Undergrad: 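Can you read through this structure? Questions will come right after.
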Number of protein chains: 2
Amino acid sequence: MRLFKSSEYAIRSLVYMAVSGIEVCSVKTLSDALDIPYKFLGRLMSRLGAAGIVTSQQGKLGGYSITRPLHEVHLADIIDVVEGLESYDRCILGFETCDDKNPCPLHDQWSGHKDGIREMIDNVTLADLARSDCKRI
Amino acid sequence: MRLFKSSEYAIRSLVYMAVSGIEVCSVKTLSDALDIPYKFLGRLMSRLGAAGIVTSQQGKLGGYSITRPLHEVHLADIIDVVEGLESYDRCILGFETCDDKNPCPLHDQWSGHKDGIREMIDNVTLADLARSDCKRI
DNA sequence: CTATAATACCACCCGGAGGTAGCATATGCG
DNA sequence: CGCATATGCTACCTCCGGGTGGTATTATAG
Ligand code: SF4
Ligand code: SF4
């Protein structure tokens, strides 16, 4: 019932970049501000760059910047890059094939929550998170 | 967003014992019927026995039986024994200390789902699952 | 040219989940 | 009794997420 640490790091980093207003943000800055291991975050941001979520700029004063407008970056986009969306499509008892006619014993109680969570990560964007003006990132 | 394999195994085994009507069910029977590794399930059932969920009987014709009435065995009881409930109390971004006055950026969108899931595993019992009369276990 | 910062490798380490093998122990039944 | 069945327990294995360290390359601002 939790995101991978990598997904947490990715979301927190992107929210920080969004609310801090820093256009080009170095990994060092993010690592210090959010207390995330530098090398680990470096690899993670590189992957986000390869996926097109962020754009990298090398050299002095270089760093990462968010490619698209904030309201176009959905949570599902980030999670998909970092850990994949399999666990959000698959279900609580882990059956591979799953049809409503032959459900698992938990279907009635679970499928509502599953759909709600999936809808949440599909719809919530970085703009929503940045708007929530909480100090804790 | 998924149970541990061990929790899946435990829930499926208990549901099988509930719907099959077998009073004393051997690990071999469960392992064959549900396609769960024999030795692995043996250890798991042993843990459920130590926790009081099931009662064991050794020797020929031995096996496990569910200790309490079905409507008194909640999903949360099983999950607590197998994988613990930490991930259902903690939250999506993994912050240790968490108060409503200083929430994380996802609080508004997430806490509803979290509470709903927690309520589900607290309230749903084996009796509910056995009643759902689905063939797939 | 120099300092800074990303990029690309590498080789490890740790802990936990999932799974396997072997042996000891208890017990019903012929 | 003696054997087959079934639990109980310890040790070991693999895989993966998370994390550290190093080294070298490329790009860029000043
Ligand atoms: S809860 Fe429903 S959708 Fe999920 S695995 Fe079970 S039957 Fe399929
Ligand atoms: S979503 Fe709410 S309850 Fe969960 S960690 Fe964030 S602030 Fe805490």
Side-chain angles (χ1 to χ4, degrees), chain A residues 1-13 17 22-67 79 81-84 86-87 93-94, chain B residues 1-13 17 22-67 79 81-87 90 93-94:
Chain A
M1 288 302 127
R2 266 187 71 184
L3 294 167
F4 286 12
K5 264 253 186 316
S6 298
S7 296
E8 295 177 14
Y9 291 163
I11 293 172
R12 290 173 58 211
S13 296
M17 291 167 72
I22 305 175
E23 273 93 33
V24 178
C25 191
S26 77
V27 174
K28 183 76 170 57
T29 306
L30 288 170
S31 168
D32 288 345
L34 303 178
D35 195 32
I36 301 173
Y38 174 73
K39 295 280 272 183
F40 194 81
L41 184 57
R43 272 197 320 230
L44 178 57
M45 294 303 292
S46 174
R47 288 171 59 194
L48 290 177
I53 309 280
V54 293
T55 309
S56 68
Q57 172 134 13
Q58 289 191 21
K60 192 164 185 172
L61 301 188
Y64 288 97
S65 43
I66 300 175
T67 308
I79 296 172
V81 170
V82 179
E83 63 175 278
E86 296 81 20
S87 57
L93 282 186
Chain B
M1 289 303 126
R2 265 187 71 186
L3 293 168
F4 286 13
K5 265 254 186 318
S6 298
S7 297
E8 296 177 14
Y9 291 163
I11 293 172
R12 289 172 59 209
S13 297
M17 292 168 70
I22 305 176
E23 274 91 33
V24 179
C25 192
S26 76
V27 174
K28 183 76 169 56
T29 307
L30 289 170
S31 168
D32 288 344
L34 303 179
D35 196 32
I36 301 173
Y38 173 72
K39 294 289 255 181
F40 193 81
L41 183 57
R43 262 199 332 225
L44 178 57
M45 295 303 292
S46 173
R47 287 172 60 194
L48 291 177
I53 308 279
V54 293
T55 310
S56 70
Q57 171 131 18
Q58 289 193 16
K60 196 166 184 175
L61 302 187
Y64 288 96
S65 43
I66 301 176
T67 308
I79 296 173
V81 171
V82 179
E83 64 174 277
L85 291 172
E86 296 80 22
S87 57
R90 251 190 275 135
L93 283 186

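This structure is a prediction, so every number in the text was calculated from the model and none was measured. First the proteins, then the strands, lettered A, B, ... as listed; each starts at 1.
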Undergrad: Between C:dG18 and B:R43, counting only base atoms on the nucleotide and side-chain atoms on the residue, is there a donor-acceptor pair under 3.5 Å?
TA: no
Undergrad: Among D:dG17, C:dA6, C:dG28, which nucleotide sits nearest the side chain of B:L61?
TA: C:dG28
Undergrad: If you only use heavy atoms from C-beta on, which nucleotide in C:dA6, C:dT4, D:dG8 is closest to the side chain of A:K60?
TA: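 Closest of the options to the side chain of A:K60: C:dT4.
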Undergrad: Specify the separation, in whole Å, of atom CZ of B:F40 and atom C1' of C:dA21.
TA: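 The answer, rounded to whole Å, is 15 Å.
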Undergrad: Kindly point out which of D:dG19, D:dG18, D:dA6 is positioned nearest to the side chain of B:Y38?
TA: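 Of the candidates, D:dA6 comes closest.
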Undergrad: Grab the NZ-C1' distance between B:K5 and D:dC16 for me, whole Å please.
TA: 14 Å
Undergrad: First locate atom CG of A:L61, then atom CD of A:E23, and finally report the distance between them rounded to the nearest 0.5 Å.
TA: 12.5 Å
Undergrad: Output the distance between atom CG (B:L41) and atom CZ (B:R12), rounded to the nearest 0.5 Å.
TA: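 One finds 10.0 Å between CG of B:L41 and CZ of B:R12.
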Undergrad: When the distance from CD1 of B:I22 to P of D:dA6 is rounded to whole Å, what number comes out?
TA: 12 Å
Undergrad: Is the shortest heavy-atom distance from the side chain of B:V81 to the side chain of B:L48 under 4.5 Å?
TA: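 Heavy-atom side-chain distance check passes, below 4.5 Å.
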Undergrad: Going by atom types alone, do A:S65 and A:T55 pair a side-chain donor with an acceptor below 3.5 Å?
TA: no
Undergrad: Side chain of B:Y64, heavy atoms from C-beta onward: which of C:dG19, D:dG19, D:dT7 has the nearest atom to it?
TA: D:dT7
Undergrad: Which of the following nucleotides, D:dA29, D:dT7, C:dT20, is nearest to the side chain of B:P37?
TA: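 So the side chain of B:P37 is nearest to C:dT20.
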Undergrad: Ignoring backbone atoms, establish whether A:S6 has a side-chain N or O less than 4.0 Å from OP1 or OP2 of D:dG18.
TA: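 Yes, A:S6 has a side-chain N/O under 4.0 Å of OP1/OP2 on D:dG18.
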Undergrad: Identify, between A:M45 and B:G59, the residue whose nearest nucleotide on DNA chain C lies closer to the 5' end.
TA: A:M45
Undergrad: With a cut-off of less than 4.0 Å, is there a side-chain N or O of B:S56 near OP1 or OP2 of D:dG8?
TA: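 Yes, because at least one side-chain N or O of B:S56 sits under 4.0 Å from OP1 or OP2 of D:dG8.
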Undergrad: Can you figure out which of D:dA29, C:dA21, C:dA6 approaches the side chain of B:K39 most closely?
TA: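 Shortest atom-to-atom distance from the side chain points to C:dA21.
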Undergrad: Measure from the side-chain heavy atoms of B:Q58 and tell me the nearest of C:dG28, C:dG19, C:dA26.
TA: C:dA26
Undergrad: Just checking B:E83: base, sugar-phosphate only, or nothing, at a heavy-atom cut-off of under 4.0 Å?
TA: nothing
